[in-house]
Amino acid sequence: MDMQKQKAIEIVVDTAIDSFAEGLISRYTDEVDDVNGVINMKKNNCFIAELGEEFMFYSAFVRSFDSSFGNVLEKMGNNIAKLSYEVKDDIDSFILPDQISRISSILDSYVDHTTTPDISHYSTYSSIYPKDITSYKRTHVTDNYFYCKEKNEHYLIELKASGDLDNKKARAEKTALLEEYFLLKNQLKDDATAKIKIFFGTAYNKFGEGKVWKQERVKQFFAEDELLIGKEYWNFVCNDESGFEIVFNQYKKSADKIRAALTKIKGMYFR
């Protein structure tokens with residue numbers, strides 16, 4: 001990776017973490033005198049309070065932190081992707097009844113174990129388009145939609161920033177991706193050279209980077225070619241094999257801002 005692009009990625013990461021840290025301070029400063037604030041409510045739990053201030057503070061903090069930090073990682077990925085791809089918004093298109101039926105058929109076959117996931121199950125499927133598509137129109141909100149102009153390739157990614165997908169939600173995630181796929185395919189039907197690839201991604205590997213990702217229930221619905229787990233996701237959004245290392249090395253430096261914010265917030269509530 002050239003130094004100019006590396007520096008740009010580092011700036012995106014540092015800016016995202018700085019903004020997140022400042023947002024934490026702002027939020028919890030506003031709640032200091034609010035008896036219904038997250039931390040103040042936890043202080044009223046005598047059972048938690050008995051375990052000490054440190055535990056009390058982080059038990060109140062961690063759930064909210066985990067959720068909001070996931071949003072930071074998702075936005076950070078989109079902003080980094082802008083350095084290599086066109087980052088697009090929601091898909092306004094249409095989806096046909098036979099395509100919805102095809103999605104259901106594909107997923108049922110995975111549930112029944114009659115087939116294993118393969119991109120050919122949807123990429124080779126063709127439809128006859130009616131003249132009037134008004135009643136089939138739909139808008140789909142996307143997590144990540146990147147376009148590579150050089151390759152004329154469109155990438156749709158359902159990102160689980162927390163790194164973990166509830167096994168019960170695996171089918172719903174694949175359904176959403178296949179709906180996006182057909183919506184976009186219909187939108188691009190006049191471009192014979194356009195390619196669409198769908199992925200399920202996580203911001204980190206819950207089993208440890210470099211180790212096998214073992215969520216077999218999820219793999220029941222996703223082919224290996226459809227997975228971007230942890231390091232693979234960051235390498236993809238950076239469009240470079242060293243992407244994850246660059247992102248995480250900068251994060252380790254920028255994380256001091258979050259640690260400083262946590263110390264400041266704790267001091268507001270436990271003097």
Side-chain angles (χ1 to χ4, degrees), residues 3-83 87 143-144 159-166 201-210 229-231 233-235 237-238 242-271:
M3 290 303 297
Q4 184 177 358
K5 183 176 179 180
Q6 178 175 335
K7 184 62 178 177
I9 291 173
E10 291 169 347
I11 290 173
V12 170
V13 174
D14 188 57
T15 300
I17 299 307
D18 182 64
S19 177
F20 177 64
E22 288 299 318
L24 288 176
I25 293 172
S26 176
R27 174 189 171 178
Y28 289 99
T29 297
D30 291 343
E31 291 187 0
V32 167
D33 298 319
D34 183 359
V35 294
N36 294 316
V38 173
I39 297 176
N40 286 330
M41 289 292 287
K42 188 67 67 171
K43 289 170 71 174
N44 292 331
N45 185 330
C46 59
F47 298 99
I48 297 297
E50 186 63 24
L51 300 176
E53 292 182 353
E54 194 80 8
F55 184 82
M56 191 194 318
F57 174 67
Y58 286 107
S59 66
F61 201 88
V62 69
R63 179 177 294 183
S64 174
F65 179 92
D66 197 39
S67 175
S68 56
F69 191 62
N71 292 331
V72 171
L73 293 177
E74 182 180 317
K75 291 177 182 178
M76 192 166 76
N78 274 327
N79 286 331
I80 291 172
K82 291 176 182 178
L83 301 171
V87 176
D143 286 343
N144 301 134
L159 176 67
K160 206 67 178 177
S162 64
D164 185 24
L165 175 62
D166 187 327
T202 66
Y204 69 93
N205 185 342
K206 63 176 291 186
F207 300 100
E209 295 305 330
I229 306 302
K231 180 178 180 178
Y233 170 75
W234 294 107
N235 287 349
V237 297
C238 293
S242 61
F244 173 74
E245 284 73 19
I246 292 170
V247 169
F248 194 65
N249 284 339
Q250 179 58 48
Y251 173 75
K252 287 189 286 187
K253 300 174 185 176
S254 302
D256 282 339
K257 297 178 180 181
I258 298 178
R259 283 188 279 268
L262 295 178
T263 299
K264 183 173 182 179
I265 294 166
K266 185 180 177 183
M268 296 177 191
Y269 288 85
F270 301 97
R271 297 184 178 89

Student: Please report the interatomic distance CD1(I48) to NZ(K43), rounded to the nearest 0.5 Å.
Tutor: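 Those atoms lie 14.5 Å apart.
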Student: Does the side chain of N40 pick up a donor-acceptor pair with the side chain of D34 at under 3.5 Å?
Tutor: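 No - no donor-acceptor pair under 3.5 Å links their side chains.
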Student: Could you report the tightest heavy-atom contact between N235 and S242, atom names first, then the distance?
Tutor: OD1-C, 4.0 Å
Student: Can C238 and I9 be said to form a side chain to side chain contact (heavy atoms under 4.5 Å, CB included), step by step?
Tutor: CA-CA 8 Å; C238 293; I9 291 173; 3.8 Å; yes
Student: Could you tell me the separation between the CD1 atom of I265 and the OG1 atom of T29, rounded to the nearest 0.5 Å?
Tutor: 7.0 Å
Student: Using side-chain heavy atoms (C-beta onward) and a distance below 4.5 Å, is I258 in contact with Y251?
Tutor: yes
Student: Where do A21 and A261 come nearest, in terms of heavy atoms and distance?
Tutor: O-CB, 3.8 Å
Student: List the steps, then state whether side chain to side chain contact (heavy atoms under 4.5 Å, CB included) holds for F65 with F20.
Tutor: CA-CA 10 Å; F65 179 92; F20 177 64; 3.3 Å; yes
Student: Does some side-chain heavy atom of I246 sit less than 4.5 Å from a side-chain heavy atom of W234?
Tutor: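 They are not in side-chain contact.
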Student: Show the nearest heavy-atom pair for residues V38 and A60, with the distance to one decimal.
Tutor: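 That would be CG1-O, 3.2 Å.
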Student: Going by side-chain hydrogen bond (donor to acceptor under 3.5 Å, both in side chains), name the pairs with one or both residues in residues 7-24, residues two or more places apart or in two chains.
Tutor: Q6-E10, D14-S254, D14-K257
Student: Once rounded to the nearest 0.5 Å, what's the spacing between atom OG1 of T263 and atom CD1 of I25?
Tutor: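 Here the interatomic distance stands at 10.0 Å.
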Student: Do you know which two heavy atoms are closest between L73 and A203, and how far apart they sit?
Tutor: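 Smallest interatomic distance, heavy atoms only, reads CD1-CB, 3.9 Å.
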Student: Check the pair V247, V237 against side chain to side chain contact (heavy atoms under 4.5 Å, CB included), reporting the backbone distance first and the verdict last.
Tutor: CA-CA 10 Å; V247 169; V237 297; 5.9 Å; no
Student: Under the side chain to side chain contact (heavy atoms under 4.5 Å, CB included) rule, collect the residues that match up with K75, sequence neighbours excluded.
Tutor: none
Student: Can a side-chain donor-acceptor contact be found between Y233 and N205 if the only test is distance below 3.5 angstrom?
Tutor: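 Y233 and N205 do not have a side-chain donor-acceptor pair below 3.5 Å.
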Student: For residues 23-32, which residue pairs qualify under salt bridge (Lys or Arg N to Asp or Glu O under 4.0 Å), counting only residues two or more places apart or in two chains?
Tutor: R27-E31
Student: Mind checking ring pair (Phe, Tyr, Trp, His ring centres under 6.0 Å) for F57 and listing every partner two or more places apart, or none if nothing turns up?
Tutor: F61
Student: Would you say N79's side chain and V12's backbone share a donor-acceptor pair under 3.5 angstrom?
Tutor: no
Student: Could you pull out the closest heavy-atom pair between V32 and Y269, with the gap in Å?
Tutor: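 That would be N-OH, 3.3 Å.
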Student: Please walk me through it: do E209 and F248 pass side chain to side chain contact (heavy atoms under 4.5 Å, CB included)?
Tutor: CA-CA 12 Å; E209 295 305 330; F248 194 65; over 6 Å; no
Student: Under a 3.5 Å distance rule, please check whether T202 uses its side chain to pair with a backbone N or O of G230 as donor and acceptor.
Tutor: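 Present.
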Student: Please name all residues satisfying salt bridge (Lys or Arg N to Asp or Glu O under 4.0 Å) with D256, sequence neighbours left out, ordered by chain then number.
Tutor: R259
Student: Just how far is it from atom CD1 of I39 to atom OH of Y58, taken to the nearest 0.5 Å?
Tutor: 10.0 Å
Student: Suppose we screen for salt bridge (Lys or Arg N to Asp or Glu O under 4.0 Å). Which residues come up paired with E245, at least two apart in sequence or across chains?
Tutor: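 Only K231 meet the salt bridge (Lys or Arg N to Asp or Glu O under 4.0 Å) criterion with E245.
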Student: Give, for atom OH of Y28 and atom CE of M268, the distance between the pair rounded to the nearest 0.5 Å.
Tutor: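 So the gap between those two atoms works out to 11.5 Å.
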